[in-house]
Student: 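Here it is, the structure, as C-alpha cells.
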Amino acid sequence: MFQDNKENGMAIEYYNSLPVAFFQISKQGIINFINSEAQELFAISQTELYQKSFTKLLSETSKESFHSFINTIGLGKNKNSCLVEIIVRQNFTKQVSLFANLSLDGEWIQLVAVETSNENKISYKKEFEDISNVAHVGRWELNLITGSLDWSKKIYEIFELDPHQFQPSYETFLSVIHPEDRDKVNHAYSQSLINKQKYEIEHRLILLDGRIKWVRETCYSIFDSKGNPEISIGTCQDITKQKELENHLKESEKKYSNLVENTASLVWSLDENGHFRYVNPAWEKLLGYTKDEMLNHPFLDFQPSLIAARDKKAFDKFSLGDFDAIKHGYETLFITKSGETKFLVFYPSPIFNSSGEFKGSHGTANDVTFKRTVDAKLEEIYFELGQRQYAIDQHAIVAITDLNADIIYVNKKFCEISKYTRDELIGENHRIINSGYHPPEFFKNLYKTIKSGNTWHGEIKNRAKDGRFYWVATTIAPIKNARGEIAKYLSIRTDITEIKEADEKIKSLLNEKALILIEVHHRIKNNMNTIYSLLKMEANSQEDILHKSILLDASNRVRSMMLLYDKLYRSENTDIISIKDYFPTLISEILNIFPNHENITTDINVEPVAISTKILSSIGIIINELVTNSMKYSFGEGQSGKITFHAKIQNQILIINYEDDGIPIDPTILLQSTNSFGLNLINMLVKQLKGIVHIENTNGTKYKIEIKI
C-alpha cells in the first residue's frame, strides 16, 4: 500500500496538506492513493477506492477521453488537461479538469483534479496558476524571436527572487542554476531545439543565501512552417522535498541492502516456479554453493528427495493462496555441497503483482541445526537421566526441599519408608518425620553446613507415619541457580535400619563379652594370686637355698601374670593395653620383691602406645626375667645400682632397651646354649614373638629386644 514505509508516510502527510484533490494511479488507471481533499471533494473514502479503477468515478461519456489522457501521460507525452464528469452521487455530477504528470520512477501517474463550472469557464493559464500554488509548479514562456522570457509568479517563488528586482532572461536563468548543472541544462535545451523534442530534466538551483534546491524542468517548443523555433514553453516544479525523501530512501535502501548482505540470517526470494531469484551471502557460507550455483535453480535441488517431494506439494498449495500450507516458521532440510544435512526454519511471505497474481515469495530462514543436534542430545541425556533416576528410585530415598526445608519433591521410595503419601508430604516441612532422637544442635550444624554451600553427610533417625523409627544414611547437597545462589536442597538417603539394629545387637553382645572377659580375668587373677601365695609359702618353708630360689622365681613369674590380668580387669578394653600403663608398674612391683630394692634407682621411659594383650603377656614375662636376673646376679647384697628401661615404637616395631650397671653377664654365656632357665625363657619367648635380642656385657649388662607388633 502507499503508506507501507516511513518515507511514504511523509509523502502522505505532504499530499494531505495540499488544498487540491490529488490522486496517485497506475498507468492502467488503478487508484493507489487519494488525499483527504479528494475524498472530501468526491464524498468517498480511500478504502472504497483503493485498488479500484478511476473510471468508477466517471460518467460513461468521460471514460474514453480519460483513457486517452492517461495513455498519453503514461507514454511520457505532455497533455495539458482533460475535462471529465465525476459522479458524486446518484443523479449528481461535477465537472473537473484533470492535470497529470508521470512520477520520477515512471511507475505512477500523479493526478490533480480541479472542479470547474459550466457557467464560468476559466482559462487554462488561470487554472494553471491556481494549481501551481499548491503543486509547486511554475510556468515559463520564452519568445525566441523577441528574446523575452515570461515567468509565472510561482517561478519567482521557487527561485526565491523578487519580481521587481530581477529581470528574467535565459542568461539570468542559467546564472541561478547550480554551476555543476548549467552545462547539462543548456545542453538539454539546445538539443531539444535541434531534435524538436520535448525534454525533462532535474537539476539544482543555488539560491542567494547559498542553499540548494532541486527542480524538475519540462519544456517543449513551437516551430514555424520552416522548422524554426518560435516559442519555448516549460514548467518548473520544486522537488526538493521529494529529492530529500528520495535520497533518504536510497540511504535506507543502502543500509537495508548492507544489513541483508551482512546478516547471519538467510535472506531469499523465489519466483512463481520456486526458483531462487536472490540469496544473500549467508547461504553461500551455510551450504557451500556459490550464489551463481543457486540462482535460477529450484530450491528443491538442494533438498533430500523425500523432503523435496513434501515441500513441492506445500509450495504448490502456497502459490494457490493456501498460506496455511507453509506455516509461519516452516521447518525443512537442506543438503550442503559436502553432503551435510542442515535444519532450516523458513518465514515466507507471498509476492503479488498489481493484478493480484502470485509472482513468488520471499523471506528469511534460520539455521537451527545446532539446536536440533542439541535437542537430540538432550533427548538422549534425558532418557539416560530417566534411566538413572529409575535406578536411584529403586534404592535411594530422594527428596528436594526449598530454602525453608519445605518439601517440594519426594520419590516413591520416600513415601514407602515414611508411610506418607506424596500429597501428604508436598508442602510440609521436613520436621514431619523428625523422631526427636537428635538434639536441636544436631540439626543446627546440619543447616549451617548446607547453607554455607557445603554438602552434609551423616546418619539420621526418623519417625514414619505409623510411629515406627527408621535410620537413614543421608547426603544433603545445596542446588544452585545460574547466578550461583542456593535455590533448593537435594537429599539422598539409604535405609540402614537393619544395619543399625544389627550394630546395636553386636554392641550389646560385645558389652556382654567384655563383662564376661573382665569376670574371667578377675577369676584368673584370683586363681593366680592363690598360686602365688602357695608358691611363696612353699619357698619360705624350704631350707635348701636352691629349691627356695626356684620357687621364688616361679612365684615372681606368676606375679607378673597377675599384674597383667589386674590391668585387664580394670580396663574398659580387654583386647589392648597401653605399655606406658603396664611396663613401669610391672618393673616397680618386681623390684619390691627384693630386699635391696631401695638401693636401686630406675630410668624408665615408655611411649604411650597400646598393643595386644596376647603379645603383652609374653613381654611381661621377658621383663620379669630381665629385672630378676639384674637383682639376683648383677647387684650383690647391700650394693647400689641403676636399671634403665626404654620402650618405643618405630616402623611398627617395639624396641626395648634394658640395661643395668651391675656385674656384667658372663661373656661365655650364649642365649642359644645357656643352662640358665631365665635366659632360655627370654630367648624362647622372643622367638615366638618373631623378634630378635642382642646382649652386651660392657659396663654392666645391656639387652636390645626388637618385636614386630
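Nothing here was measured: the structure is a model prediction, and the numbers come from that model. Computed over heavy atoms, backbone and side chain alike; hydrogens, waters and symmetry mates excluded.
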Student: For Asn411 and Ala396, indicate whether the former's side chain and the latter's backbone hold a donor-acceptor pair under 3.5 Å.
Tutor: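 Here the side-chain-to-backbone pair exists.
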Student: More than 12 heavy atoms of other residues, nucleotides or ligands under 6.0 Å from CG of Leu306: yes or no?
Tutor: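 Incorrect, the count does not exceed 12.
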Student: Is there a side-chain contact between Ser265 and Asn366 (heavy atoms, below 4.5 Å)?
Tutor: yes
Student: Mind listing the closest non-hydrogen atom pair of Phe645 and Val606 along with its distance?
Tutor: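 Where Phe645 meets Val606 most closely, the heavy atoms are CE2-CG2, 3.9 Å.
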Student: To the nearest 0.5 Å, tell me how far Leu616 CG sits from Ile621 CD1.
Tutor: 10.5 Å
Student: Tell me, yes or no, whether the heavy-atom count around Met684 atom CE, taken from other residues, nucleotides or ligands under 6.0 Å, exceeds 12.
Tutor: yes
Student: Would you please indicate yes or no on a ring centroid separation below 6.0 angstrom for Trp268 and Phe302?
Tutor: no
Student: How long is the gap from CD1 on Ile622 to CG on Leu685, to the nearest 0.5 Å?
Tutor: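 So the CD1 of Ile622 and the CG of Leu685 are separated by 5.0 Å.
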Student: Going from OH on Tyr470 to OG on Ser435, what distance comes out if it is rounded to the nearest 0.5 angstrom?
Tutor: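 It comes to 9.0 Å.
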Student: How would you list, by chain and number, every residue that makes a side-chain contact (heavy atoms from CB on, under 4.5 Å) with Glu428, sequence neighbours excluded?
Tutor: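 For Glu428, the residues satisfying side-chain contact (heavy atoms from CB on, under 4.5 Å) (neighbours in sequence not counted) are Ile432.
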Student: Is there side-chain contact between Ile653 and Ile709, with at least one heavy-atom pair below 4.5 Å?
Tutor: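 Ile653 vs Ile709: side chains apart.
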Student: Arg372 versus Glu331: any side-chain heavy-atom pair under 4.5 Å?
Tutor: yes
Student: Roughly how far, to the nearest 0.5 Å, is the OG1 atom of Thr474 from the CG atom of Asn462?
Tutor: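 Taking CG in Asn462 and OG1 in Thr474, the distance rounds to 7.0 Å.
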Student: Do Ile705 and Ile692 have side chains that approach each other closer than 4.5 Å (heavy atoms only, starting at C-beta)?
Tutor: no
Student: Does a side-chain heavy-atom distance below 4.5 Å link Lys488 with Asn481?
Tutor: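 No, side chains not in contact.
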Student: Between His438 and Lys461, is any pair of side-chain heavy atoms under 4.5 Å apart?
Tutor: yes
Student: Any heavy-atom pair between the side chains of Ile611 and Ile577 that's under 4.5 Å?
Tutor: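 In short, these two side chains do not touch, never coming nearer than 4.5 Å.
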Student: Under the 3.5 angstrom rule, does the side chain of Arg422 hit a backbone N or O of Val410 as a donor-acceptor pair?
Tutor: yes
Student: Going through the distances and angles, do Ile604 and Phe583 end up as a side-chain contact (heavy atoms from CB on, under 4.5 Å)?
Tutor: CA-CA 9 Å; Ile604 301 173; Phe583 288 164; 5.8 Å; no
Student: Is Lys412 atom NZ crowded by more than 12 heavy atoms from other residues, nucleotides or ligands, each under 6.0 Å away?
Tutor: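 For Lys412, atom NZ is not crowded (no more than 12 foreign heavy atoms under 6.0 Å).
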Student: Using a strict cut-off of less than 4.0 Å between a Lys/Arg side-chain nitrogen and an Asp/Glu carboxylate oxygen, indicate whether Lys642 and Glu659 qualify as a salt bridge.
Tutor: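 Glu659 and Lys642: not salt-bridged.
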Student: Under the side-chain contact (heavy atoms from CB on, under 4.5 Å) criterion, do Trp283 and Thr290 qualify, and how do the steps go?
Tutor: CA-CA 8 Å; Trp283 282 94; Thr290 65; over 6 Å; no
Student: Measuring from atom CD of Glu498 to atom NZ of Lys505, what distance do you get when rounded to the nearest 0.5 angstrom?
Tutor: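 The distance works out to 11.0 Å.
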Student: Would you call Asp503-Lys500 a salt bridge at under 4.0 Å N-O?
Tutor: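 Result for this pair is no, no salt bridge flagged.
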Student: Let me know which of Asn629, Asp661, Asp660, Thr701 forms a side-chain hydrogen bond (donor to acceptor under 3.5 Å, both in side chains) with Ser634.
Tutor: Asp660
Student: Is Ile476 close to His457 at the side-chain level, that is, under 4.5 Å between some pair of heavy atoms?
Tutor: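 In short, these two side chains do not touch, never coming nearer than 4.5 Å.
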Student: Grab the two heavy atoms, one from Leu344 and one from Asp367, that are nearest each other, plus how far apart they are.
Tutor: CD2-CA, 3.7 Å
Student: Tell me, please, which residues at least two apart from Thr332 pass side-chain contact (heavy atoms from CB on, under 4.5 Å).
Tutor: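 Checked Thr332 against side-chain contact (heavy atoms from CB on, under 4.5 Å); matches are Gln303, Ile307, Arg310, Asp311, Tyr330, Phe334, Phe346.
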Student: To check you understand the geometry: which heavy-atom pair defines the closest contact between Ile397 and Asp495, and what is its length?
Tutor: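 Between these two residues, the closest heavy atoms are CD1-N, 4.1 Å.
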Student: Could you give me the CA-CA distance, side-chain angles and deciding distance for Ser630 and Tyr658, then say whether side-chain hydrogen bond (donor to acceptor under 3.5 Å, both in side chains) is met?
Tutor: CA-CA 10 Å; Ser630 294; Tyr658 177 89; 2.7 Å; yes
Student: OG1 of Thr602 to CD1 of Ile643: how many Å apart, nearest 0.5 Å?
Tutor: 8.0 Å
Student: Cut-off 3.5 Å, side chains only: do Thr421 and Glu424 have a donor facing an acceptor?
Tutor: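 Looking only at side-chain atoms, Glu424 and Thr421 do form a donor-acceptor pair, the distance falling under 3.5 Å.
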Student: If you compare all heavy atoms of Asn404 against all heavy atoms of Asp402, which two are closest, and at what distance to 0.1 Å?
Tutor: N-OD1, 2.9 Å
Student: Taking it one step at a time, do Leu266 and Thr364 satisfy side-chain contact (heavy atoms from CB on, under 4.5 Å)?
Tutor: CA-CA 5 Å; Leu266 304 163; Thr364 62; over 6 Å; no
Student: Compute the ring centroids of Trp471 and Tyr437, then answer whether they are less than 6.0 Å apart.
Tutor: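 Under 6.0 Å, so yes.
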Student: What I want to find out is whether Glu340 reaches Lys342 closely enough, with some N-O distance under 4.0 Å, to be called a salt bridge.
Tutor: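 Salt bridge between Glu340 and Lys342, a charged N being under 4.0 Å from a carboxylate O: yes.
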Student: Give me the atom names and distance for the closest heavy-atom approach of Lys419 to Ala464.
Tutor: CG-CB, 3.9 Å
Student: Within a 6.0 Å radius of atom CD on Glu485, are there more than 12 heavy atoms belonging to other residues, nucleotides or ligands?
Tutor: yes
Student: If the threshold is 4.0 Å, N to carboxylate O, is there a salt bridge linking Glu706 and Lys704?
Tutor: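 Answer for the salt bridge query: yes.
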Student: Should the heavy atoms of other residues, nucleotides or ligands under 6.0 Å from NZ of Lys337 be counted, would the total exceed 12?
Tutor: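 Correct, the count exceeds 12.
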Student: Take Ile665 and Leu679 through the side-chain contact (heavy atoms from CB on, under 4.5 Å) test and state the conclusion after the steps.
Tutor: CA-CA 11 Å; Ile665 191 171; Leu679 291 178; 3.8 Å; yes
Student: Measure from the side-chain N and O atoms of Asn592 to the backbone N and O of Ser588, and report whether any donor-acceptor pair falls under 3.5 Å.
Tutor: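 Answer holds: yes.
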Student: Can you name the closest pair of heavy atoms from Tyr489 and Pro478 and give their distance?
Tutor: CD2-CA, 3.7 Å
